[in-house]
Amino acid sequence: MASTASTLSWSSSSLLQSFAANTNEACKLSDRRTGLVVFAQKKAKKARTIILKEDIADLGKKGELRSVKAGYYRNYLLPLGKAQLVTPVLLKEMKMEDERIEAEKIRVKEEAQQLAIIFETVGGFKVKRKGGKGKLIFGSVTPQDLVDIIKAQLNRDVDKRIVSLPDIREIGEYIAELKLHPEVTAKVRDVHGQSTINIMKSNESGGWL
């Protein structure tokens, strides 16, 4: 009986030790698990650089570069043909077009400056009108009258919309300006350096009074 009790006592002790060891290992694993931190990385929003092909409210004007969400471009701008993706090739083409436009602007301005010199050195233009009482003339002098005179004397076509004249209803000298370019305005100058148009009376036979 003593031997049997001893055997049972040893078995119980071994079981207790084994249980304690397993419990300690489980605690260690639990400690390790509780110490594990998981970081969730947010998904980056994809963007697209585009060039607008027309004016779009709250986004930009035609020809401007904008950065938009990929979904907005894919689902709205692209199907409607309102924009296109910017690529290195497109950027190069845009740069070349900008340079061409700038060169054209310079050319147009230089031509306007040369034309202004011609107008300002040719002398005053004379307009003939039938006379009324005193200094008064019949009718008035209009931009179209000056355009016709310029065509006859200089063989130059001028748009009457760029001609600026005061209200002319009597003989005298008047200032005339031609807006040849946003930055170039020509003035008709006579031999005295005055910017004038000479309005003179004519008789019924067409001679000067």
Side-chain angles (χ1 to χ4, degrees), residues 33 35-122 125 127 139-168 174-189 195-197:
R33 288 173 183 171
L36 180 63
V37 179
V38 178
F39 293 94
Q41 186 176 4
K42 293 183 178 180
K43 186 177 180 180
K45 296 181 179 179
K46 294 183 178 181
R48 294 289 185 268
T49 301
I50 61 168
I51 179 172
L52 299 178
K53 301 173 75 172
E54 60 181 72
D55 295 352
I56 300 178
D58 300 325
L59 185 57
K61 295 185 177 297
K62 180 179 179 180
E64 292 181 341
L65 298 181
R66 288 291 183 268
S67 180
V68 299
K69 293 180 180 179
Y72 179 57
Y73 169 73
R74 181 177 62 254
N75 299 324
Y76 176 68
L77 298 176
L78 179 61
L80 296 180
K82 293 179 177 292
Q84 68 180 99
L85 286 176
V86 173
T87 63
V89 174
L90 180 59
L91 286 176
K92 183 178 180 180
E93 292 176 350
M94 291 173 60
K95 182 179 179 181
M96 292 175 63
E97 180 64 11
D98 289 342
E99 292 174 349
R100 186 194 67 77
I101 293 174
E102 189 62 28
E104 179 65 13
K105 288 181 179 179
I106 294 174
R107 184 190 67 79
V108 170
K109 182 179 179 179
E110 289 177 347
E111 285 187 356
Q113 290 172 331
Q114 294 173 1
L115 189 57
I117 293 174
I118 294 175
F119 286 134
E120 293 176 352
T121 57
V122 71
F125 293 99
V127 179
S140 63
V141 178
T142 66
Q144 185 61 52
D145 294 322
L146 183 56
V147 168
D148 293 340
I149 293 173
I150 291 174
K151 177 65 174 178
Q153 294 187 18
L154 303 179
N155 196 29
R156 294 277 183 175
D157 292 314
V158 175
D159 189 337
K160 68 178 181 180
R161 290 174 297 183
I162 71 171
V163 178
S164 177
L165 287 176
D167 186 29
I168 301 176
Y174 298 87
I175 296 173
E177 294 184 348
L178 288 80
K179 194 72 172 178
L180 303 172
H181 182 274
E183 300 177 16
V184 181
T185 300
K187 294 183 178 181
V188 180
R189 299 182 183 278
S195 303
T196 62
I197 293 181

What closest approach, in Å, do [X] and [Y] show between heavy atoms, and which atom pair accounts for it?
X	Y	answer
D55	K61	OD1-CA, 3.3 Å
L52	G60	CD1-C, 3.4 Å
A83	I50	CB-CD1, 3.7 Å
E54	K82	OE2-NZ, 2.8 Å
V184	A116	CG1-CB, 3.9 Å
L59	R66	O-NE, 2.7 Å

If I take atom [atom1] from residue [X] and atom [atom2] from residue [Y], how far apart are they, to the nearest 0.5 angstrom?
X	Y	atom1	atom2	value
I150	F119	CD1	CZ	4.5 Å
T49	L90	OG1	CG	11.0 Å
K69	R48	NZ	CZ	13.5 Å
E93	D98	CD	CG	12.0 Å
I118	Q114	CD1	CD	7.5 Å
R100	E104	CZ	CD	7.0 Å

> Any side-chain heavy atom of V141 within less than 4.5 Å of one from Y174?
Replying inline: no

>> Within the 4.5 Å heavy-atom criterion, are K151 and D157 side-chain neighbours or not?
In response: yes

> Hey, mind stepping through E99 and E102 against side chain to side chain contact (heavy atoms under 4.5 Å, CB included) and telling me if it holds?
Replying inline: CA-CA 5 Å; E99 292 174 349; E102 189 62 28; 5.7 Å; no

> Is a side-chain donor or acceptor of E177 paired with a backbone partner of K187 at a separation under 3.5 angstrom?
Replying inline: no

> Under 3.5 Å, is there a donor-acceptor pair between the side chain of D145 and the main chain of T142?
Replying inline: yes

With a cut-off of 3.5 Å and sequence neighbours excluded, list every side-chain donor-acceptor pair involving residues 160-168.
{"from": "R161", "atom 1": "NE", "to": "D159", "atom 2": "OD1", "distance (Å)": "3.3"}
{"from": "R161", "atom 1": "NE", "to": "D159", "atom 2": "OD2", "distance (Å)": "3.0"}
{"from": "R161", "atom 1": "NH2", "to": "D159", "atom 2": "OD2", "distance (Å)": "2.7"}
{"from": "D167", "atom 1": "OD1", "to": "R169", "atom 2": "NE", "distance (Å)": "3.3"}
{"from": "D167", "atom 1": "OD2", "to": "R169", "atom 2": "NE", "distance (Å)": "3.3"}

Atom pairs and distances, side-chain donor-acceptor, residues 71-80, under 3.5 Å, sequence neighbours left out:
{"from": "Y73", "atom 1": "OH", "to": "L85", "atom 2": "N", "distance (Å)": "3.4"}
{"from": "N75", "atom 1": "ND2", "to": "G71", "atom 2": "O", "distance (Å)": "3.1"}

